[in-house]
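Reading through the structure tokens given below for one structure.
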Amino acid sequence: MKIILASASPRRRELMRYITEDFEAVSTDCDETLPDGTDPSVASEFLAVLKARVAAEKYPDCIVIGCDTTVILGKEILGKPKDRAQCVADISKLSGKTHQVITGCCIISGGSETSFSEVTDVTFRKLSTNEVEAYAATDEPYDKAGGYGIQGLGSTLISHIEGDFFNVVGLPVGRLFNELKRVL
């Protein structure tokens, strides 16, 4: 059965290749507005299910995987920074603190649907204003939740992580591989 990865993320596509080379990545066009009162800890899984369902309508005879990653500090979701000022503000908030990166995944196959979330704790070292400004001056932060990329220059901001590194990049490879084995 053909596998569809419902994601436009180049990082997710790259990580999916660790699981299989035999997949097609497609963008989904859906409203990603969370319902009022949605707990940040379930936001990623909610959006992953939404994306998978939209893609499954177009590819009903395939295994469809939807994913979404959120960066959460306390009860606040830090999205992709819209500009340099927001990037500086978000990275400054993360400085010296531990936050959660949650990736929700949903697999739809043959009418059945399963979803899960993977959580990784990421701790930033205490950053100087100059370090924050220098990172915000790069191109790296602007297409990433939380405004940083652990697989790039953002790795210099981090003191340690607890959990799945690939989850922070955007796809919990090991967990998704094991969940897919149940479907295949």
Side-chain angles (χ1 to χ4, degrees), residues 5-7 9-20 32 34 37-52 65-81 86-107 114-136 138-182:
L5 176 64
S7 177
S9 165
R11 291 164 299 281
R12 263 193 209 109
R13 292 173 185 193
E14 182 180 323
L15 293 175
M16 187 66 186
R17 288 187 186 96
Y18 291 143
I19 297 171
T20 181
E32 295 185 34
L34 292 168
T38 301
D39 188 296
S41 67
V42 300
S44 287
E45 194 167 332
F46 175 87
L47 293 172
V49 169
L50 182 69
K51 292 173 184 180
I65 303 166
C67 305
D68 190 79
T69 301
T70 52
V71 171
I72 302 169
L73 180 62
K75 289 288 186 183
E76 181 183 4
I77 294 174
L78 301 179
K80 297 174 184 175
Q86 184 181 2
C87 180
V88 167
D90 288 350
I91 297 298
S92 296
K93 286 178 193 175
L94 295 171
S95 175
K97 296 187 180 107
T98 299
H99 62 278
Q100 286 66 51
V101 177
I102 302 177
T103 299
C105 296
C106 178
I107 303 167
T114 184
S115 64
F116 64 90
S117 293
E118 188 71 25
V119 181
T120 303
D121 289 334
V122 179
T123 303
F124 269 37
R125 61 186 177 77
K126 186 71 175 151
L127 304 171
S128 70
T129 302
N130 287 345
E131 288 174 307
V132 173
E133 291 286 345
Y135 185 68
T138 71
D139 292 334
E140 189 173 273
Y142 299 98
D143 68 337
K144 294 168 186 69
Y148 72 93
I150 193 171
Q151 72 283 8
L153 296 172
S155 62
T156 65
L157 310 176
I158 296 166
S159 68
H160 65 279
I161 71 168
E162 291 181 35
D164 183 344
F165 170 84
F166 293 120
N167 186 55
V168 182
V169 180
L171 193 73
V173 174
R175 176 93 184 262
L176 181 58
F177 175 77
N178 288 315
E179 295 289 338
L180 276 172
K181 284 195 311 188
R182 297 176 194 180

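The figures here come from the full heavy-atom set of this structure, side chains too, leaving out hydrogens, waters and symmetry mates.
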Run the side-chain contact (heavy atoms from CB on, under 4.5 Å) test against T138 and tell me which residues pass, sequence neighbours left out.
Y135, E140, P141, L153
Taking side-chain contact (heavy atoms from CB on, under 4.5 Å) as the test, write out the residues that go with A52, two or more places apart.
V64, C106, I108
What verdict does the side-chain contact (heavy atoms from CB on, under 4.5 Å) test give for I161 and I150, after you've listed the backbone C-alpha separation in whole Å, the side-chain angles of each residue and the deciding distance to 0.1 Å?
CA-CA 10 Å; I161 71 168; I150 193 171; 3.9 Å; yes
Give, for atom CZ of F116 and atom SG of C105, the distance between the pair rounded to the nearest 0.5 Å.
4.0 Å
Matching residue for V173 among N178, L15, N167 - test: side-chain contact (heavy atoms from CB on, under 4.5 Å):
L15
Heavy-atom distance under 4.5 Å between the side chains of L5 and C67, does that happen here?
yes
Taking all heavy atoms of A43 and all of I77, pick out the closest pair and write down the distance.
CB-CD1, 3.8 Å
Considering residues at least two apart in sequence or located in another chain, which fulfil the side-chain contact (heavy atoms from CB on, under 4.5 Å) criterion with S92?
V88, V132
L171 side, atom CG; T103 side, atom OG1 - distance, nearest 0.5 Å:
7.5 Å
Set of residues satisfying salt bridge (Lys or Arg N to Asp or Glu O under 4.0 Å) with respect to E14, sequence neighbours excluded
none
Apply side-chain hydrogen bond (donor to acceptor under 3.5 Å, both in side chains) to S115 and list each qualifying residue two or more places apart in sequence or on a separate chain.
E45
Determine whether I65 and M16 make a side-chain contact, defined as any pair of heavy atoms from C-beta on separated by less than 4.5 Å.
yes
Of all residues at least two apart in sequence or in a different chain, which pass the side-chain hydrogen bond (donor to acceptor under 3.5 Å, both in side chains) check with R13?
none
Salt bridge (Lys or Arg N to Asp or Glu O under 4.0 Å) pairs touching residues 143-170, sequence neighbours excluded, are R11-D143
Identify, with sequence neighbours excluded, every residue that meets side-chain contact (heavy atoms from CB on, under 4.5 Å) alongside D39.
S41, V42, K75
Answer yes or no: does atom NZ of K80 have more than 12 heavy-atom neighbours from other residues, nucleotides or ligands under 6.0 Å?
no
Could you tell me which residues satisfy ring-ring contact (aromatic ring centres under 6.0 Å, His included) with Y18, sequence neighbours excluded, listed by chain and number?
F166
CD/E179 to CD/E118 distance, rounded to the nearest 0.5 angstrom?
9.5 Å
Please tell me whether T70 and S44 have a donor and an acceptor in their side chains that are separated by less than 3.5 angstrom.
yes
Listed partners of K51 passing side-chain hydrogen bond (donor to acceptor under 3.5 Å, both in side chains), at least two apart
D68
NZ (K126) and NZ (K97) are apart, to the nearest 0.5 Å, by 7.0 Å
CG of L94 to OG1 of T123: how many Å apart, nearest 0.5 Å?
10.5 Å
Point-to-point distance, once rounded to the nearest 0.5 Å, from CD1 of I19 to CG of L180:
6.0 Å
I need the minimum non-hydrogen distance between E32 and L50, along with the two atoms involved.
CA-CD2, 4.5 Å
Enumerate the side-chain hydrogen bond (donor to acceptor under 3.5 Å, both in side chains) contacts for residues 145-158, please, sequence neighbours excluded, ordered by first and then second residue.
H99-Y148
Between E76 and L73, is there a donor-acceptor pair closer than 3.5 Å when you use the side chain of the first and the backbone of the second?
no
Partner set under side-chain hydrogen bond (donor to acceptor under 3.5 Å, both in side chains) for S7, not counting sequence neighbours:
R12
